There are 2 protein chains.
Amino acid sequence: MKQSTGLFENITTVSEATRVGFISKLEEIKAEKGFKLEQEGHVSGYLYYISEGSARSYYTRENRDITVSFSLEGEFVTAMHSFITRSPSYETIETLEKSLLYRISHQNLQQCFVEFPEMERAYRIILEKYYIALEEQLIFSKFKSAKDRYLELMDKKPKIIQKASVGQIASFLDMTIETLSRIRARI
Amino acid sequence: MKQSTGLFENITTVSEATRVGFISKLEEIKAEKGFKLEQEGHVSGYLYYISEGSARSYYTRENRDITVSFSLEGEFVTAMHSFITRSPSYETIETLEKSLLYRISHQNLQQCFVEFPEMERAYRIILEKYYIALEEQLIFSKFKSAKDRYLELMDKKPKIIQKASVGQIASFLDMTIETLSRIRARI
DNA sequence: TTTAGACCTTGATAAAAGTCAAAATTTCAA
DNA sequence: TTGAAATTTTGACTTTTATCAAGGTCTAAA
């Protein structure tokens with residue numbers, strides 16, 4: 001599980017004992033494209049770390065799926081609302097491509113907090129990052145025109161444009177496929 | 001500072017020592033309407049607990065202010081992005097009415113984490129609540145029609161409609177004052 | 001290689017919301 | 001209480017984006 005060493009890199013310094021204890025609770029997942037990490041209606045079971053690949057979170061409304069977020073390599077992902085509240089998730093998360101993931105179950109994470117109080121801090125920092133990403137997304141969603149939202153995405157997360165389909169991007173940007181297509185034609 | 005005892009109620013159980021230690025670091029603020037808790041361009045200094053009253057967070061774009069969130073009695077509020085990253089805040093937070101607040105400085109909170117590791121957990125839970133509120137707001141912002149967003153606000157946070165001005169509510173709901181006025185006329 | 005289905009683009013039209021302007025109403029201090 | 005300023009509403013018109021429909025294009029299985 002050597003690849004998972006990068007997992008703590010951007011978070012915080014923890015003792016060797018905590019690191020080893022935490023890593024021993026991780027599970028490696030090799031997922032094909034379209035593998036579902038979390039499912040709508042189920043309580044989120046795991047916190048995932050994307051070592052390689054990418055994922056998309058979405059929910060369904062009126063028979064179409066609406067993308068909530070994209071997650072790239074080096075990021076943590078889960079249905080956070082469900083993971084926190086232990087209530088059924090409204091979102092489904094699936095890989096956008098063949099991916100290598102590490103995950104820890106909610107229960108094991110709680111166990112970690114008890115065994116290694118340092119982990120509280122590490123997790124707090126994950127939460128903070130998650131929070132900030134969400135806040136940026138909210139500000140982003142306030143960009144009034146469809147064109148501005150697209151340009152902002154191009155600027156901030158260009159990888160998503162390569163990895164996701166037009167429909168996935170359009171719903172993420174809160175516009176129709178047609179509008180996105182026209183914006184692209186005009187640039 | 002007896003009113004502040006309600007402060008931990010919905011969070012977690014902490015030991016008496018931690019509670020006393022934490023409370024000793026709190027500062028009571030009696031604020032008139034329009035008192036600024038945090039200012040755009042400054043690094044957020046405090047985490048506030050609203051004991052009585054309410055607050056509004058907003059940023060300025062093209063000479064008009066855009067409301068990001070409303071906070072009510074019993075909630076924590078700060079310019080979280082700035083509070084976490086220690087970079088200048090893009091938002092200003094002010095009271096909507098005469099309010100009673102308790103606040104802890106960022107530095108004292110960090111000190112608390114060192115003195116009372118239990119506080120990591122309590123703060124983590126505040127962060128989780130903050131996160132969930134933000135996520136709900138994001139979903140809410142995806143409600144397509146202006147009318148739906150207004151009805152949702154009426155349903156979920158009717159108090160805001162009494163406390164805030166039309167302009168504040170309209171910018172929060174991502175519509176013009178005129179559109180909000182017309183929606184209200186039609187209901 | 002062919003071809004069905006999915007995916008994407010383009011066009012015409014409609015609906016939603018924005019802008020600008022003016023009138024009505026409310027608020028608050030003199 | 002009154003009048004000026006601020007806030008809210010209403011109206012006419014414009015812009016943006018959605019919807020519906022029809023063509024293209026790409027892709028993968030036969």
Side-chain angles (χ1 to χ4, degrees), chain A residues 32-34 54 56 58-67 70 92 94-98 138-154 158-187, chain B residues 32-35 54 56 58-67 70 92 94-98 137-154 158-187:
Chain A
E32 292 303 308
K33 176 175 176 172
S54 55
R56 176 176 80 101
Y58 63 92
Y59 64 93
T60 305
R61 186 188 291 171
E62 287 155 19
N63 284 336
R64 54 174 82 161
D65 67 51
I66 298 174
T67 298
F70 294 104
T92 296
E94 63 175 34
T95 53
L96 272 176
E97 60 193 314
K98 192 174 173 180
L138 187 68
I139 290 164
F140 171 95
S141 79
K142 296 229 172 194
F143 277 57
K144 351 87 306 272
S145 83
K147 187 181 173 187
D148 285 355
R149 292 196 302 280
Y150 180 70
L151 291 176
E152 180 75 5
L153 181 65
M154 289 262 281
K159 278 187 184 173
I160 288 170
I161 290 165
Q162 286 133 40
K163 295 186 176 192
S165 72
V166 172
Q168 291 168 353
I169 296 170
S171 74
F172 177 67
L173 295 176
D174 246 327
M175 64 185 76
T176 60
I177 290 173
E178 292 94 329
T179 296
L180 178 53
S181 184
R182 280 182 253 258
I183 286 168
R184 286 176 147 172
R186 265 186 265 128
I187 287 171
Chain B
E32 292 304 308
K33 176 176 176 171
F35 180 81
S54 54
R56 176 176 79 101
Y58 63 92
Y59 63 94
T60 306
R61 186 188 290 170
E62 287 156 17
N63 284 334
R64 55 173 81 161
D65 67 51
I66 298 175
T67 298
F70 294 103
T92 296
E94 64 175 34
T95 53
L96 272 176
E97 61 193 313
K98 192 175 174 180
Q137 207 180 323
L138 188 67
I139 290 163
F140 172 93
S141 79
K142 296 230 172 194
F143 278 55
K144 356 77 314 270
S145 84
K147 187 181 173 187
D148 285 354
R149 292 196 301 279
Y150 180 70
L151 291 176
E152 180 75 5
L153 181 65
M154 289 262 281
K159 278 188 183 171
I160 288 170
I161 290 165
Q162 284 132 42
K163 296 187 176 191
S165 73
V166 173
Q168 292 168 352
I169 296 170
S171 73
F172 178 67
L173 295 177
D174 245 326
M175 64 184 76
T176 59
I177 291 172
E178 293 92 329
T179 297
L180 177 53
S181 184
R182 278 177 250 243
I183 285 168
R184 285 176 147 173
R186 265 185 265 128
I187 288 172

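Every value quoted in this text rests on a predicted model; they were computed, and no experiment measured them. Naming convention: chains lettered A, B, ... in sequence-line order (proteins, then strands); numbering from 1 in each chain.
Under the 4.5 Å side-chain criterion, counting only non-hydrogen atoms from C-beta, B:D174 is in contact with B:R149. Contact check for B:Q137 versus B:F172: side-chain heavy atoms found under the 4.5 Å cut-off.
When rounded to the nearest whole Å, the span between CG of B:L173 and C1' of D:dT8 equals 16 Å. The nearest whole Å value for the distance from the OH atom in A:Y150 to the P atom in C:dC8 is 12 Å.
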In B/S/- notation, 5' to 3', how is nucleotides 9-20 of chain C contacted by protein heavy atoms closer than 4.0 Å? BBBB----SSBB
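Checked against B:I169 for a side chain to side chain contact (heavy atoms under 4.5 Å, CB included), the options B:K163, B:M175, B:R184 give a single hit: B:R184.
Between B:D148 and B:K142, none of the side-chain N atoms (NZ, or NE/NH1/NH2) sits under 4.0 Å from a carboxylate O, so this pair counts as no salt bridge.
The backbone N or O of B:F35 sits less than 3.5 Å from a side-chain atom of B:T95, completing a donor-acceptor pair.
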